[in-house]
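What follows is one structure encoded as structure tokens, with my remarks underneath.
What you see is a predicted model; the values in this text were computed from it and never measured.
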Amino acid sequence: MAFFSENLALPDNAFLILRNLIMERTGIYFEDDKKDMLADKLSDRVIEKGFNSFIDYYYLLKYDKDNPDEWNTVLDLVTVKETYFWREADHIEALVKHIVPEFETGNSNSVLRIWSAACSTGEEPLSLVMALDSAGWLKKIRVELIASDASRMALEKARKGLFREKSFKSLPEKMKKKYFVQEGAEWRIKSEILDKVRWEQINLVDDNQRSLPGNVNVIFCRNMFIYMKEDHIRRILEGFYSQLLKPGYLFVGVSESLFRIRNKFELTELDKTFVYKKE
């Protein structure tokens with residue numbers, strides 16, 4: 001917990017304009033009761049920049065065109081990096097048992113392109129590669145897997161392929177033994193799995209970046225929309241829909257619903273789970 005002096009308190013007026021600016025640039029929204037959380041995430045950075053108030057830092061972010069890289073730091077600090085291998089495994093099973101066989105039947109000479117659009121530190125896309133490899137699909141069809149995140153720090157960690165025990169709370173032990181090698185207190189994923197993923201820094205809220213991966217067959221964007229307002233979610237969904245080929249599939253987190261948000265996707269049941277489909 002960062003130490004707060006009286007001068008570094010986050011007044012309500014500063015909180016409102018700062019959280020709205022962050023929402024505008026990142027899509028992440030801090031509710032009114034999350035003021036202390038935002039202050040805790042940014043206070044050390046405010047001090048590092050030599051400021052004694054959050055208002056000064058706000059002006060830096062909004063008006064200083066000589067510091068474009070500062071937003072990378074903000075993204076690193078405010079993004080939620082809670083993830084682990086084999087999270088919401090029913091989605092992975094639906095991909096392997098239903099979507100990939102459907103693709104193989106109708107696209108024997110094509111490349112299956114999968115986009116993990118909010119990959120954090122990499123556990124999601126690497127889980128997909130392990131599942132595809134374990135099921136034998138990587139030897140049967142051509143697969144291209146793109147993983148992206150807005151946080152530069154998260155991507156740097158993902159590219160290293162080193163993970164601590166907390167990342168393995170849901171991964172079957174046989175998968176851990178097959179695909180990882182222990183290095184001290186950490187586990188390194190085997191290079192043949194890590195090298196299957198192309199890592200990209202993409203801020204989905206930025207209209208100029210959202211379409212960077214091009215057309216894809218499947219998009220995973222899980223547990224990100226719960227931190228966003230409806231307008232940003234709708235814009236992102238429109239981009240996803242335009243990029244998906246037909247049939248195309250979008251997986252969101254099991255705790256997320258697009259029911260209240262206008263979109264063109266059709267909610268479809270696949271075995272034990274649901275997926276949004278572009279027919």
How far does [atom1] of [X] sit from [atom2] of [Y], to the nearest 0.5 angstrom?
X      : Y      : atom1 : atom2 : answer
Thr268 : Phe274 : OG1   : CZ    : 9.5 Å
Ile47  : Asn52  : CD1   : CG    : 10.0 Å
Met130 : Tyr179 : CE    : OH    : 8.0 Å
Ile219 : Arg113 : CD1   : CZ    : 10.5 Å
His232 : Ile261 : NE2   : CD1   : 12.5 Å
Asp36  : Leu10  : CG    : CG    : 8.0 Å

Assess the side chains of [X] and [Y]: does a donor N or O sit below 3.5 Å from an acceptor N or O?
X      : Y      : value
Trp115 : Ser148 : yes
Glu70  : Tyr57  : yes
Glu102 : Tyr249 : yes

Qualifying residues under ring pair (Phe, Tyr, Trp, His ring centres under 6.0 Å), relative to Phe220, sequence neighbours excluded: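 Ring pair (Phe, Tyr, Trp, His ring centres under 6.0 Å) list for Phe220, sorted by chain: Phe251.
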
Is [X] reaching over with its side chain to a backbone N or O of [Y], donor-acceptor style, under 3.5 angstrom?
X      : Y      : result
Ser127 : Trp86  : yes
Gln201 : Leu155 : no
Lys190 : Lys178 : yes
Arg45  : Leu77  : no
Thr105 : Pro101 : yes
Trp137 : Val96  : yes
Arg25  : Asp206 : no
Glu186 : Arg188 : no
Ser257 : Phe259 : yes

Using salt bridge (charged side-chain N to carboxylate O under 4.0 Å, His left out) as the criterion, list what pairs up with Lys277, not counting sequence neighbours.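 Listed in chain order: Glu279.
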
Is the count of non-hydrogen atoms from other residues, nucleotides or ligands lying under 6.0 Å from Lys278 atom NZ greater than 12?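 More than 12 within 6.0 Å, yes.
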
For [X] versus [Y], what's the shortest heavy-atom pair and its separation?
X      : Y      : result
Gln243 : Gly214 : NE2-O, 3.4 Å
Phe225 : Ile233 : O-CD1, 3.5 Å
Leu204 : Ala117 : CD1-O, 3.6 Å
Asp76  : Met153 : OD1-N, 2.9 Å
Val129 : Leu138 : O-CD1, 4.0 Å
Met175 : Phe180 : O-CD1, 4.2 Å

For the pair Lys97 and Asp90, find out whether any cationic side-chain nitrogen is under 4.0 Å from an anionic carboxylate oxygen.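 A salt bridge is absent here (no side-chain N lies under 4.0 Å from a carboxylate O).
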
Met23: which other cluster members, linking ILVMFWY side chains closer than 4.5 Å, directly or transitively?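 Met23 clusters with Tyr29.
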
For Arg222, which of Glu256, Glu124, Glu82 qualifies under salt bridge (charged side-chain N to carboxylate O under 4.0 Å, His left out)?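 Testing each of Glu256, Glu124, Glu82 against Arg222, the sole residue satisfying salt bridge (charged side-chain N to carboxylate O under 4.0 Å, His left out) is Glu124.
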
Given Phe163 and Phe85, is the ring pair (Phe, Tyr, Trp, His ring centres under 6.0 Å) satisfied, shown in steps? CA-CA 10 Å; Phe163 302 91; Phe85 292 109; 4.9 Å; yes

Show your reasoning for whether salt bridge (Lys or Arg N to Asp or Glu O under 4.0 Å) applies to Glu165 and Lys176. CA-CA 11 Å; Glu165 281 295 334; Lys176 184 178 180 182; 3.1 Å; yes

